[in-house]
Peer 1: 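Sending over a structure as structure tokens; questions will come in a sec.
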Amino acid sequence: MEEFYRNYKNAVFQSGDPAAAETVLSNMAVALDLMLLDVEDPFVFQPYHKALREPFDYYMFGQNYIRPLIDFRNSYVGNLSLFYEIEEKLKQGHNVVLFSNHQTEADPAVIALLLEKTNPHIAENLIYVAGDRVITDPLCKPFSMGRNLICVYSKKHMYDVPELADMKRKANIRSLKEMALLLRTGSKLVWIAPSGGRDRPDPVTGEWNPAPFDSSSVDNMRRLIESSGAPGHMYPLALLCYDIMPPPSKVEKEIGERRIISFHGAGLSVAPEVAANCEKSEEVKDVYTQALYKSVTEQYNVLKSAIHGKQGLEASTAGIALSQPWN
């Protein structure tokens, strides 16, 4: 907790904001308070968790906590018009799934902060398919309580404790049933990372790229969408924000990783939906997954050129128009 506080303080001070000291004090006081309260009386997440907005607004707590870590002058949104298109589809009762790479524990807040001025409906109503770590780690829980979550056990951690594997599988089946029920009502927006975890840097080059997608994860989601009875759409989404809160370099079994935090630009981009083929063979499944992954990687590289390559809006391409809608 001390390290978490120190790292947060240093990161917010990097922003050069004259109110940095005040921001750190108020945000950390609330965060530590919520963490300690939860240790005394642990909150238990249901398979489908709806964001807690009252009496205490956990969503706004998360927004206010991560906002001072984003360098908005060096942040970009790709294809803003498609986010408006997604909102229209939701209004018409359609379901939308965003297949995305996953970079940090702060991803939900980064997505919501980059869209809060233009698309607050998306920011507040997005449902995240979340691994069990974010609902068990005491430092994470208060942030998770402010998001809409479908809680699942990641394949990567399925056998961390072999005797719990059966319980985890059953819990995942329950969560899938919850998801099916939700999608039946229509107008649902779901974010999923088919890689099953956060992106990691290449051990040799140190370069970050979206982790490969798991085709069975994509196919499960596609099937849920198709059997929901409501029209469904699947969009590839790219996220670049690892500098703000990078994960440990390797996947860890234990809960309680170190939180490294910094003030940095972030990027979010969506590309046109990828229509699924009617055939259901293994080969078609893989081709579809690859098409989504290729789009995410292309968008990611544009965001990388804009933010890390310092090209800014000039990094836009024919298919990916960058903007800064908060200006």
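The structure presented is a predicted model; accordingly, all values stated were derived computationally and were not measured.
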Peer 1: Between E298 and K294, is the closest basic N to carboxylate O distance under 4.0 Å?
Peer 2: yes

Peer 1: Answer yes if L113 and L239 sit in the same cluster of Ile, Leu, Val, Met, Phe, Trp and Tyr residues linked by side chain heavy atoms under 4.5 Å apart, and no otherwise.
Peer 2: yes

Peer 1: Would you please name every residue forming a side-chain hydrogen bond (donor to acceptor under 3.5 Å, both in side chains) with N79, sequence neighbours left out?
Peer 2: none

Peer 1: First locate atom SG of C140, then atom CE of M145, and finally report the distance between them rounded to the nearest 0.5 Å.
Peer 2: 12.5 Å

Peer 1: Do R174 and P47 come close enough that some side-chain heavy atom pair is under 4.5 Å?
Peer 2: yes

Peer 1: For residues Y59 and F61, establish whether the separation of their ring centroids is below 6.0 Å.
Peer 2: no

Peer 1: With a 6.0 Å cut-off on ring centres, are Y128 and H102 close enough?
Peer 2: no

Peer 1: Go through the steps for T289 and D219 under the test side chain to side chain contact (heavy atoms under 4.5 Å, CB included), then give the verdict.
Peer 2: CA-CA 8 Å; T289 301; D219 200 56; over 6 Å; no

Peer 1: Check T118 against P325 and note the closest heavy-atom contact, atom names and distance.
Peer 2: CG2-CB, 3.4 Å

Peer 1: Are the side chain of N148 and the backbone of L126 linked by a donor-acceptor contact shorter than 3.5 Å?
Peer 2: yes

Peer 1: Can you label the angle between the F4 ring and the F143 ring as parallel, tilted or perpendicular, going by 30° and 60°?
Peer 2: perpendicular

Peer 1: Taking F43's backbone N and O only, do any of them form a donor-acceptor pair with D38's side chain (distance below 3.5 Å, no angle check)?
Peer 2: yes

Peer 1: Look up atom CG in L32 and atom CG in N27, then write down how far apart they are to the nearest 0.5 Å.
Peer 2: 10.5 Å

Peer 1: Taking the side chain from W326 and the backbone from F72, do they hold a donor-acceptor pair closer than 3.5 Å?
Peer 2: yes

Peer 1: Indicate the atoms forming the closest heavy-atom contact of E87 with P120, along with that distance.
Peer 2: OE2-N, 4.2 Å

Peer 1: Distance check, rounded to the nearest 0.5 Å: L114 atom CG versus S75 atom OG?
Peer 2: 6.0 Å

Peer 1: Shortest non-hydrogen contact from S215 to K285?
Peer 2: CB-O, 4.2 Å

Peer 1: Which label fits H233 and Y235: parallel for a plane angle under 30°, tilted from 30 to 60°, or perpendicular past 60°?
Peer 2: tilted

Peer 1: Would Y242 and H264 count as a side chain to side chain contact (heavy atoms under 4.5 Å, CB included) here? Give the steps.
Peer 2: CA-CA 9 Å; Y242 66 80; H264 206 279; over 6 Å; no

Peer 1: Would a distance-only check, ignoring hydrogens and angles, find a side-chain to backbone donor-acceptor pair under 3.5 Å from S262 to D243?
Peer 2: yes

Peer 1: Check whether any side-chain heavy atom of L25 lies under 4.5 Å from a side-chain heavy atom of E22, and answer yes or no.
Peer 2: no

Peer 1: Mind listing the closest non-hydrogen atom pair of K188 and T185 along with its distance?
Peer 2: NZ-OG1, 3.1 Å

Peer 1: Are the side chains of I111 and L115 in touch, meaning some heavy atoms are under 4.5 Å apart?
Peer 2: yes

Peer 1: Hydrophobic cluster membership, with links at side-chain heavy-atom distances under 4.5 Å among I/L/V/M/F/W/Y: are L240 and I260 in one?
Peer 2: no

Peer 1: Take a 6.0 Å sphere around NZ of K9 and say whether it holds more than 12 heavy atoms from other residues, nucleotides or ligands.
Peer 2: no

Peer 1: Below 4.5 Å, heavy atoms only, C-beta onward: do N209 and N301 meet side chain to side chain?
Peer 2: yes

Peer 1: Please examine the side chains of L237 and F83, heavy atoms only from C-beta on, and report whether any two atoms are closer than 4.5 Å.
Peer 2: yes

Peer 1: Less than 4.0 Å between a side-chain N and a carboxylate O, is that true for E105 and R133?
Peer 2: no

Peer 1: Could you check whether K89 pairs with E273 (Lys NZ or Arg NE/NH1/NH2 to Asp/Glu carboxylate O, under 4.0 Å)?
Peer 2: yes

Peer 1: Is L82 reachable from L322 through a run of I, L, V, M, F, W or Y residues, each pair having side-chain heavy atoms under 4.5 Å apart?
Peer 2: no

Peer 1: Does the pair K91/E88 count as a salt bridge with the N-to-O cut at 4.0 Å?
Peer 2: yes

Peer 1: If every non-hydrogen atom of P246 is compared with every non-hydrogen atom of W208, which pair is closest and at what distance?
Peer 2: CB-CH2, 4.1 Å

Peer 1: Checking Q299 side chain against V270 main chain: does a donor-acceptor pair fall under 3.5 Å?
Peer 2: yes

Peer 1: Keeping the roles fixed (side chain from Q14, backbone from F263), state whether a donor-acceptor pair exists under 3.5 Å.
Peer 2: yes

Peer 1: Between A109 and I66, what is the shortest heavy-atom contact and its length?
Peer 2: CB-CG1, 3.6 Å

Peer 1: So, are E3 and R6 salt-bridged, with charged N and O less than 4.0 Å apart?
Peer 2: no

Peer 1: Flag the pair K141 and D137 as a salt bridge only when some basic side-chain nitrogen lies within less than 4.0 angstrom of an acidic carboxylate oxygen.
Peer 2: no

Peer 1: Are R53 and Y58 close enough that some pair of their side-chain heavy atoms sits under 4.5 Å apart?
Peer 2: no

Peer 1: Quick one: does Y8's side chain get under 4.5 Å of P68's, heavy atoms only?
Peer 2: yes

Peer 1: Is it true that E124 and R147 make a salt bridge, defined as a side-chain N closer than 4.0 Å to a carboxylate O?
Peer 2: no

Peer 1: Who clusters with M179? Use side-chain heavy atoms, under 4.5 angstrom, across I, L, V, M, F, W and Y, and order the result by chain and number.
Peer 2: Y48, V97, F99, I127, V129, I150, V152, L176, L182, L183, V190, I192, F213, V218, M221, L224, I225, M234, V274, Y288, L292, Y293, V296

Peer 1: Are any non-hydrogen side-chain atoms of L139 and R259 less than 4.5 angstrom apart?
Peer 2: yes

Peer 1: Should the pair E257-R198 be classified as a salt bridge under the 4.0 Å nitrogen-to-oxygen rule?
Peer 2: yes

Peer 1: Can Y84 and H121 be said to form a ring pair (Phe, Tyr, Trp, His ring centres under 6.0 Å), step by step?
Peer 2: CA-CA 10 Å; Y84 288 114; H121 180 81; over 10 Å; no

